[in-house]
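What follows is a short report on a single structure.
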Amino acid sequence: MREKISMDAGWKFHLGDIVSIRNRWAWGKSGSWNQGPESRSFDDAAWREVDLPHDFLIETIPVPYHEKEFDGDNVIPAMEDVNNIHTTAGSFQKEVGWYRKHFFVPASDKGRKIYFVFDGIYRDSAAYLNEFFIGSERSGYKKIVYDITDFINYGGDNLISVKADARQAEGWFYEGGGIYRHAYLLKVAPAHIADTFVWCEVDLAKKSAVVNVRPELENCDAATLVTTVFSPDGAVVGEAEQRSVDGTALFRFAMDNVKLWDTAHPHLYRAATTLYVGGEAVDELSTRFGIRDIRFDADRGFLLNGIQTKLKGVCCHQNHGGLGTALPDEVYRFRIKRLQDMGCNAYRTSHYPPTPELLDACDEMGMLVMDETRLLSSAREDLEQLECLVKRDRNHPCVILYSIGNEEAQSQTTPQGTLIAGTMIRHIKRLDPHTPVTMALLMWDLKNRLPIRDVHAVSGISTQLDVAGFNYQHVMWGPHHEEFPHQPMVCTEQGTFKSTRGCYRTDAANCHLSILDKTVDSYMKGAEQWQVCRPDWMSGLFLWTGFDYYGEPTPYAWPAISSQFGTMDLCGYPKDFYYYYKAWWSDEDVLHIFPHWNWNAGDVKDIYVFSNCDEVELYVGGRSLGKKAMERDSYLIWEQVAYEPGILSGVGYKNGVQVAEECIRTTGAPAAVRLSVDYREHDIAMLRAEIVDENGLVVPDGGQPLTFETDSGKILGTANGDPSDHMPPNGPVRRAFHGLAQAVVKAGNGARVTVAAEGLAGSSVLL
Ligand code: GAL
């Protein structure tokens with residue numbers, strides 16, 4: 001039977017390239033004579049020990065760069081800075097890294113097929129096993145499967161060496177470097193099940209479904225297959241036996257009273273297929289799936305199990321404060337939980353295939369996914385990447401859309417673009433005819449730097465898509481819908497509303513942007529951008545972005561190293577706009593008042609309220625500032641309120657009944673740092689550090705340097721959401737920013753984590 005063995009632990013790592021004979025002679029010979037890190041005799045005693053996932057880029061120090069005007073309204077780095085520093089990557093130093101790991105393979109494994117699998121290495125990676133070259137991969141996002149059967153030292157020690165060259169960019173965002181996803185060994189019988197495709201035909205009226213299970217065999221044409229289907233509670237709900245023909249078979253299970261997968265009830269079934277050769281069970285592959293019906297309708301938008309479901313989505317890059325791209329699975333789950341708390345039900349994996357554990361989490365937590373490939377391209381290696389994505393992800397019930405590209409302004413209006421899209425769509429449909437295909441089109445003429453005002457300009461691609469996807473330019477959605485009334489539509493990207501968490505006074509030199517800054521073009525645009533998604537024919541939107549991310553520093557370049565588009569900061573701490581979406585996306589009663597209430601005597605401030613209450617009344621020091629009625633999808637402002645120290649409070653009403661209240665107080669001087677567990681799962685804890693006054697109120701401008709320590713376990717990273725913070729992301733010292741900081745800790749039960757700050761009372765938590 002198959003074995004999957006994690007290869008995450010116990011690697012040695014070296015930052016920087018090591019040039020060897022092999023490097024000079026390229027691949028003149030396979031195996032032997034090497035003196036470099038791929039050779040057995042190479043001395044790696046001085047190398048660091050690391051576990052996967054590991055991002056070496058985040059361990060480098062951000063470097064300043066110079067900017068240059070490009071074509072009038074774009075800023076690009078000067079040429080001398082292009083080589084090693086990619087400003088778009090957040091100014092971390094792009095480097096080469098080498099990894100080595102020893103592992104034992106027993107003699108009894110001889111005769112099996114053995115694969116070394118990497119879920120992703122950023123990028124231009126090459127791998128050697130026992131001095132033999134085993135393969136290379138350019139892409140930083142593709143799953144890499146090396147068949148190492150022939151290179152293994154059976155019954156002895158094996159050495160795998162991996163070079164990752166992160167110097168080239170694939171995208172215009174932070175991409176990390178190294179083996180930043182999981183790695184594992186897969187051991188199977190020579191005749192085995194290579195893959196299984198599961199899809200369901202659902203009869204919503206009868207609450208029944210036909211579950212199709214199609215295993216695909218490797219090294220075996222005709223054999224006996226037995227498939228068992230397990231319900232979400234583990235009961236056997238179907239079992240059948242078949243002879244395979246030409247290496248495959250199709251099982252069809254008719255099932256009544258099925259438990260449908262949806263966002264509130266993510267019920268997961270399992271199909272386990274056993275392969276028998278000569279009467280003996282040689283392999284079993286278990287596939288998780290969900291039974292759900294998805295449909296995009298030209299008039300009604302997205303229907304999940306027949307129910308009209310507006311997509312309230314976000315786009316996300318795969319990095320987190322202090323961790324870069326090396327996210328433990330638990331951190332993905334923390335992030336999804338945070339998004340769901342905001343009322344978000346959909347996640348776009350912009351702009352590349354995500355780690356498989358993200359999709360597992362979305363399956364389990366009920367988050368819908370738009371799964372995007374890196375490029376609109378039908379070049380061989382890009383089609384392979386697309387194929388890999390579809391075959392890897394097609395059984396996930398969370399995946400409701402594939403996306404074949406993002407803003408391919410160079411090709412989307414060309415005859416070539418039309419042909420490329422067609423080839424990609426046909427390729428997808430051969431592998432998975434059931435999941436709709438979209439693309440993030442941009443109504444923008446790159447050459448002339450003008451908006452495109454004719455929907456036919458992109459119709460070569462848009463009309464081939466199951467769902468036409470548009471980024472921005474919402475004035476063109478209506479015309480497209482009128483011109484192509486039978487085509488479903490989705491807003492694949494919208495937002496780019498920028499702000500710094502907790503900041504109410506713009507400080508451009510430090511790259512801090514106030515949400516209240518009316519001089520910024522995107523001031524309060526987040527509201528308008530949701531309002532335009534109201535028509536039923538618009539399936540919903542994906543906001544740019546759920547979280548701030550390293551790289552693409554916007555609206556400020558250096559010294560900023562991260563973007564500021566997020567509804568949450570790099571740590572997943574909500575910014576004010578988070579509450580606008582929570583108000584209109586979630587079912588909770590929301591009343592959020594900002595800014596803080598710590599001003600100077602005599603100051604006059606506009607007070608903003610994000611809420612879904614029908615009416616809101618504000619009070620200063622108990623005196624009413626008046627009651628205001630809220631319009632749908634909107635927000636309220638009380639202008640020119642005179643500040644006085646004390647309490648600013650609000651009460652929210654729905655149908656005349658009080659449902660919510662909120663109160664913010666003037667705080668005193670910082671007195672202590674308070675540590676608490678924001679999220680904990682397995683051995684990962686996300687710790688929140690708050691600067692508080694003597695009454696325990698979080699001090700809005702608390703910015704003391706904090707030192708985190710743990711008596712066992714490891715601090716994986718610390719962050720604070722400040723876009724221009726250059727302290728080493730995975731170091732234990734972090735300045736608080738607007739009262740908050742975060743530490744991500746890997747530690748078991750019983751570990752104690754402490755936080756200290758000079759002049760303040762420290763605190764600790766016991767995990
Ligand atoms: C979009 C693009 C995103 C991001 C964003 C920033 O056009 O798709 O990746 O760059 O702009 O505004």
Side-chain angles (χ1 to χ4, degrees), residues 70-71 73-77 86-91 140-141 169-176 313-319 325 346-354 370-377 401 403-413 417 438-447 449-452 458 461-462 468-477 490-500 511 513 520-523 525-526 528-529 541-557 560-570 575 577 723:
F70 172 68
D71 270 8
D73 71 349
N74 233 351
V75 165
I76 60 162
H86 291 281
T87 60
T88 51
S91 307
Y141 301 103
E170 281 192 58
W172 51 97
F173 31 81
Y174 179 84
E175 300 181 280
V314 296
C315 306
C316 285
H317 276 305
Q318 56 177 8
N319 62 70
T325 55
Y347 187 110
R348 174 181 174 208
T349 69
S350 47
H351 302 292
Y352 38 79
M370 170 177 161
D371 195 0
E372 188 156 282
T373 197
R374 186 58 283 280
L375 281 178
L376 181 82
S377 167
L401 279 171
S403 163
I404 56 170
N406 172 67
E407 297 191 349
E408 310 283 345
Q410 296 79 352
S411 56
Q412 62 179 8
T413 54
T438 190
M439 178 182 148
L441 292 158
L442 182 66
M443 299 299 282
W444 183 257
D445 172 351
L446 195 71
K447 220 191 215 153
R449 314 192 74 78
L450 284 173
I452 299 174
V458 293
I461 295 182
S462 72
F470 289 100
N471 283 12
Y472 309 94
Q473 305 285 336
H474 61 261
V475 290
M476 296 313 293
W477 301 350
V490 65
C491 168
T492 37
E493 191 176 316
Q494 171 94 308
T496 64
F497 178 81
K498 299 159 273 252
S499 64
T500 311
C511 311
L513 176 67
V520 178
D521 62 347
S522 65
Y523 166 76
K525 277 259 177 68
E528 173 194 311
Q529 304 210 331
L541 96 164
F542 291 89
L543 277 181
W544 192 266
T545 47
F547 303 86
D548 287 350
Y549 50 93
Y550 288 117
E552 204 179 13
T554 320
Y556 304 105
I561 58 171
S562 65
S563 78
Q564 303 198 49
F565 300 113
T567 60
M568 288 174 262
D569 70 9
L570 280 170
K575 302 184 191 174
F577 234 87

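The structure presented is a predicted model; accordingly, all values stated were derived computationally and were not measured. One-based numbering, in listed order, for ligands and for the atoms of each.
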* Considering only heavy atoms of F565, which atoms of ligand 1 have at least one such atom less than 4.0 Å away? -> 6 (C), 12 (O)
* When the aromatic ring centroids of H351 and W544 are compared, is their separation below 6.0 Å? -> yes
* Asked: Do T492 and N471 have side-chain atoms, one donor and one acceptor, less than 3.5 Å apart?
  -> yes
* Side chain, backbone, both or neither: which part of N406 has a heavy atom under 4.0 Å from ligand 1? -> side chain
* Member of E175, R374, E372, Q318 meeting the side chain to side chain donor-acceptor pair (under 3.5 Å) criterion with Y141 -> E175
* **Side-chain touch C315/L543, heavy atoms, less than 4.5 angstrom** => no
* Asked: Considering only the protein, which heavy-atom contact is closest to atom 4 (C) of ligand 1, and what is its distance?
  -> E552 OE2, 3.3 Å
* Considering only non-hydrogen protein atoms, determine which one is nearest to atom 12 (O) of ligand 1 and report residue, atom name and distance to 0.1 Å. => T496 CG2, 3.3 Å
* **Identified side-chain contact (heavy atoms from CB on, under 4.5 Å) counterpart of M443 within the set Q412, M476, H474** => M476
* Asked: Can you find an N/O atom of H351 closer than 3.5 Å to an N/O atom of ligand 1?
  -> yes
* Asked: Under 3.5 Å, is there a donor-acceptor pair between the Y472 and E493 side chains?
  -> yes
* Asked: Considering only protein heavy atoms, which is closest to atom 11 (O) of ligand 1, and at what distance to one decimal place?
  -> E493 OE2, 3.6 Å
* Asked: Is any N or O atom of W172, backbone or side chain, closer than 3.5 Å to an N or O atom of ligand 1?
  -> yes
